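Bear in mind that the values here come from a model prediction, so they are computed numbers and not experimental data.
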Amino acid sequence: MPTFETDSVVATRREGDVLVMTIDNPPVNALGVAVRRGLKQAIEQAGADAQVKAVLIVGAGRAFIAGADIREFGKPPQPPSLPEVCNLIEACAKPVVAAIHGPALGGGLEVAMSAHYRLALPAAKLGLPEVTLGLLPGAGGTQRAPRLMGARAAAELMLSGKPMSARAAQAAGLVDRLAEGEDAVQAGLAYARELLDQQAPVRRARELDVADKAAALAELDVVQADTAKKSRGLFSPLKIVECVRNAVELPFDDGLARERALFLQCVESPQRAGLVHAFFAERETAKVPESKAARPRALDTVAVVGGGTMGAGIAVCVLDAGLPVTMIERDAESIARGRANVEKVYDGLIARGRMTPEAKAAVMARYAGSTSYDDIAGADLVIEAVFEDVGVKQAVFKELDRVCKPGAVLATNTSYLDIDAIAAATSRPQDVVGLHFFSPANIMKLLEIVVPAKVSADVVATAFELARKLKKTPVRAGVCDGFIGNRILAVYRQAADDIMEDGATPYEVDEAVRDFGFAMGPYQVVDLAGGDIGWATRKRRAATRDPRARYVEISDRLCERGWFGQKTRRGYYLYPEGARTGQPDPEVLAIVQAERAKKGIAPRKFTQDEIVRRCMAAMINEGANVVHEGIALRPLDVDVVLLSGYGFPRHHGGPMKYADRVGLDKVLADIREFAKQDALFWKPSPLIEKLVAQGNNFDSLNKGA
Ligand code: 3HC
Ligand code: NAI
């Protein structure tokens, strides 16, 4: 049987009269230049070889094709382009079958849609996730998908970015045939031979028309209005709708040309750069020195101490990962509440039809509650989530030291406390690590893995392995007050408070921050989290606060009145019965004004631009300090913390990526300007000063690490 030599990432072999083209470009068969060249050669050979009657395209390894090679965006394009390759596949005079056994995403699905027939195996995932990278499908996807599945369904596939299962794709018309098993070659060959036996014609998506154009256009009007509302400053979603509209109205080649032009606009946009940075950064943070140097310890049984907000949430996410959990509480009443807190999460899922009572029972069978530490003597990992009080935590760790087996990993979920001091309460500080989950712990992706001085590398590696099992985004952090995220948050809040006291209303601050892309402004967040939490922290720190530092008391005035936010129906905003969002409160404005008067501050106007510049400069400066002090490994680690734990707008890529785009010299100039008013708060980070002097940016440090 002849084997045609093409580029090694696309192997071809003939099985009878079917040419099998296998894309083999680990890890996910991304469509880099070598693959595009290989596909072009292979399809040309298939056309030229008279013995070939049909073509089968498959992917080696776990993916069919995960899309364009994201690393190539922003670099000079190298021929052949993906649209050219897709057009060649579609133009082939012999039937082309794509057999999909894993992810067929973005350009991968575009390749499949250029084939004439599509077969999917059970593990197939078909999607057009370009929107999540600030792009639109740029290799004919916006023109072929509406012709295959209808305009509205295609638009929704592209706008959601979410993949479909094989079955759903078949129901939508994207897939022609389902097959069982995992062997794409075998199933694909059987299908190709069947098509040959039936003398099935080549069937090109480009030759189809979108069904019922008038209805499709009316539906797109609705989709467009909805997208305009939801996309909040994002560039590519409305361009996607425009492309789908073109698919309905224009001839295929005109629609394709327009798609290309809009795709290139997306590639050039800073949003694409920010979103691609976020994609890679989220994968980079898991690569830490300890995971390279040491193997994780066993991680089969987990205990959680404390069954409050965090303990229960952590228990849920450990249970969801399929592990057994034993929860320890102070007394019978508390453990009953702890169990109820866990059950409440699953009952909520049942109420929304997303879980069956049987499935809940199966999960809860892995849960045990106890008031005796002896019951967790055999746990591989213990996560403490009791009150934020170093004395209480040290007492818990003494108990853990007494009962836990040698080698057990002992973790604390503290938000601010000194983990070295907690570790010192045990005789085994090498086993103590910080696992800082975010609330709600079963939902939020971020997990700060806090590395105290004496911890051993395999414990840190175990923490990263836990993150993988829990499907969290782990970021390594050093010990300091607030670690990476809360430390930066505190400075951002201080900048916002200063702006408020100097003249802006809290509502103006929130609006400016929302317009920048956050879902909520800082004062909405306070109201959501509960003003009392920050108040307790401020009281705890009062004794150690630098007496020269500016302290804005407005939040304290609100808390003294019992205005803790949503839970008390009043905070920075009013939450009248039945209101879904907060409403501005004239009494709050009066309090703000009284505080200004007390300090002799004549209020001044702030533009949205100045509010954003101040808030961002504060975050960026503290982010730089965090890197400078080695608390974060790289600027990208800071970005991932803010993106996955604090709602930083993803299309900006995180504060450090945003700073690079604005220009570090401009950020430094802002900081120096603001320092004229408050030199203590606006002290430029030595790292920013160094990078500006060198003409470098934060990203230079990401690459070096
Ligand atoms: N290009 C380059 N590298 C990619 C990639 C891509 N499209 N997709 C994944 N990778 C890399 C990852 O960075 C990672 O590298 P690392 O090991 O060095 O960190 C490695 O492949 C494995 O990826 P994951 O860790 O994400 O593996 P999973 O098994 O968890 O997930 C996946 C696999 C579902 C395919 C996931 O990687 C994914 O969603 N990839 C991106 C898919 C995508 O967005 N495609 C659209 C691209 S844009 C496009 O196609 C434009 C076109 O319309 C013209
Ligand atoms: P919580 O008050 O809701 O729960 C604490 C629980 O610990 C209570 O159920 C209490 O009965 C139990 N507990 C107290 N002492 C105990 C002991 N000696 N033995 C066993 N159980 C004991 O508090 P929350 O919000 O769950 O916080 C817990 C920890 O998580 C704190 O360190 C906090 O800083 C941290 N954290 C909190 C976040 C949040 O948003 N609430 C976010 C991230 C971390």
Assess whether a salt bridge exists between [X] and [Y], defined as any Lys/Arg side-chain N lying under 4.0 Å from an Asp/Glu carboxylate O.
X	Y	answer
Arg468	Glu465	yes
Arg402	Glu399	yes
Glu501	Arg550	yes

Go through the steps to decide whether Glu610 and Arg613 satisfy the test salt bridge (charged side-chain N to carboxylate O under 4.0 Å, His left out), and finish with yes or no.
CA-CA 5 Å; Glu610 184 179 356; Arg613 270 183 20 233; over 6 Å; no
Any donor-acceptor N/O pair, [X] side chain to [Y] backbone, under 3.5 Å:
X	Y	result
Asp510	Tyr523	yes
Lys472	Ala441	yes
Arg661	Lys657	no
Ser334	Arg330	no
Thr568	Trp563	no
Arg428	Asp401	yes
Asp637	Val475	no

For [X], does the [atom1] atom have more than 12 heavy-atom neighbours from other residues, nucleotides or ligands under 6.0 Å away?
X	atom1	value
Lys683	NZ	no
Lys405	NZ	yes
Lys666	NZ	no
Arg548	CZ	no
Arg604	CZ	yes
Lys454	NZ	no

Would you say the side chain of [Y] lies within less than 4.5 Å of the side chain of [X], judging by non-hydrogen atoms?
X	Y	result
Val626	Val641	no
Met656	Leu636	no
Ile611	Phe516	no
Asp670	Met616	no
Arg614	Asp498	no
Arg538	Cys559	yes
Ile554	Asp497	no
Val325	Ile314	no

In sequence, state the C-alpha distance, the side-chain angles, and the governing distance for Asn697 and Ser700, and then conclude on side-chain contact (heavy atoms from CB on, under 4.5 Å).
CA-CA 6 Å; Asn697 61 10; Ser700 65; 3.8 Å; yes
Assess, by modelled atom type and distance only, whether the side chains of Gln524 and Asp527 contain a donor and an acceptor separated by less than 3.5 Å.
no
Does a donor on one side chain and an acceptor on the other come within less than 3.5 Å for Ser555 and Tyr572?
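Their side chains do contain a donor-acceptor pair, which is all the 3.5 Å distance test asks for.
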Partner set under side chain to side chain contact (heavy atoms under 4.5 Å, CB included) for Asp420, not counting sequence neighbours
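Side chain to side chain contact (heavy atoms under 4.5 Å, CB included) list for Asp420, sorted by chain: Asp418, Pro452, Ala453, Val479.
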To the nearest 0.5 Å, tell me how far [X] [atom1] sits from [Y] [atom2].
X	Y	atom1	atom2	value
Phe280	Ile70	CZ	CD1	5.0 Å
Asn413	Leu447	CG	CG	8.5 Å
Leu446	Glu282	CG	CD	10.0 Å

Could you tell me if the ring centre of Tyr573 sits under 6.0 Å from that of Tyr507?
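Yes, ring centres under 6.0 Å apart.
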Taking the six-membered ring for Trp, are the ring centroids of Tyr646 and Phe438 within less than 6.0 Å of each other?
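Yes, they do, as the ring centres are separated by less than 6.0 Å.
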So Asp609 and Thr607, side-chain hydrogen bond (donor to acceptor under 3.5 Å, both in side chains) or not? Walk me through it.
CA-CA 5 Å; Asp609 176 64; Thr607 61; 4.8 Å; no
Identify the two heavy atoms, one from Ala624 and one from Leu687, that lie closest to each other, and give their separation to 0.1 Å.
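What the structure gives for the nearest pair is O-CD2, 3.6 Å.
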For the residue pair Val513 and Gly521, what are the closest heavy atoms and their distance?
CG1-CA, 4.0 Å
Could you walk me through whether Met444 and Ser439 pass the side-chain contact (heavy atoms from CB on, under 4.5 Å) check?
CA-CA 6 Å; Met444 294 293 288; Ser439 180; 5.8 Å; no
Between Glu448, Glu284, Glu290, which is the residue that forms a salt bridge (Lys or Arg N to Asp or Glu O under 4.0 Å) with Arg476?
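Among Glu448, Glu284, Glu290, the one that satisfies the salt bridge (Lys or Arg N to Asp or Glu O under 4.0 Å) with Arg476 is Glu290.
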Could you check Leu381, Thr426, Val409, Val382 and say which one makes a side chain to side chain contact (heavy atoms under 4.5 Å, CB included) with Cys404?
Val382
Run Asn621 and Ser685 through side-chain hydrogen bond (donor to acceptor under 3.5 Å, both in side chains) and show every step you take.
CA-CA 6 Å; Asn621 201 45; Ser685 167; 4.7 Å; no
Is the Phe648 ring parallel, tilted or perpendicular to the His652 ring (thresholds 30°, 60°)?
perpendicular
Run Glu553 and Lys599 through salt bridge (charged side-chain N to carboxylate O under 4.0 Å, His left out) and show every step you take.
CA-CA 11 Å; Glu553 295 174 37; Lys599 291 193 183 173; 5.3 Å; no
Decide side-chain contact (heavy atoms from CB on, under 4.5 Å) for Val267 and Leu135; before the verdict, give the C-alpha distance in whole Å, the side-chain angles of both, and the deciding distance to 0.1 Å.
CA-CA 7 Å; Val267 170; Leu135 296 169; 3.7 Å; yes
Between Met500 and Glu508, is the side-chain contact (heavy atoms from CB on, under 4.5 Å) condition met? List the steps.
CA-CA 9 Å; Met500 172 167 61; Glu508 285 168 340; over 6 Å; no
Six-ring centre of Tyr551, Arg545 cation under 6.0 angstrom, axis tolerance 45°:
yes
Quiz item: cation-pi between Arg487 and Phe483, 6.0 Å / 45°
no
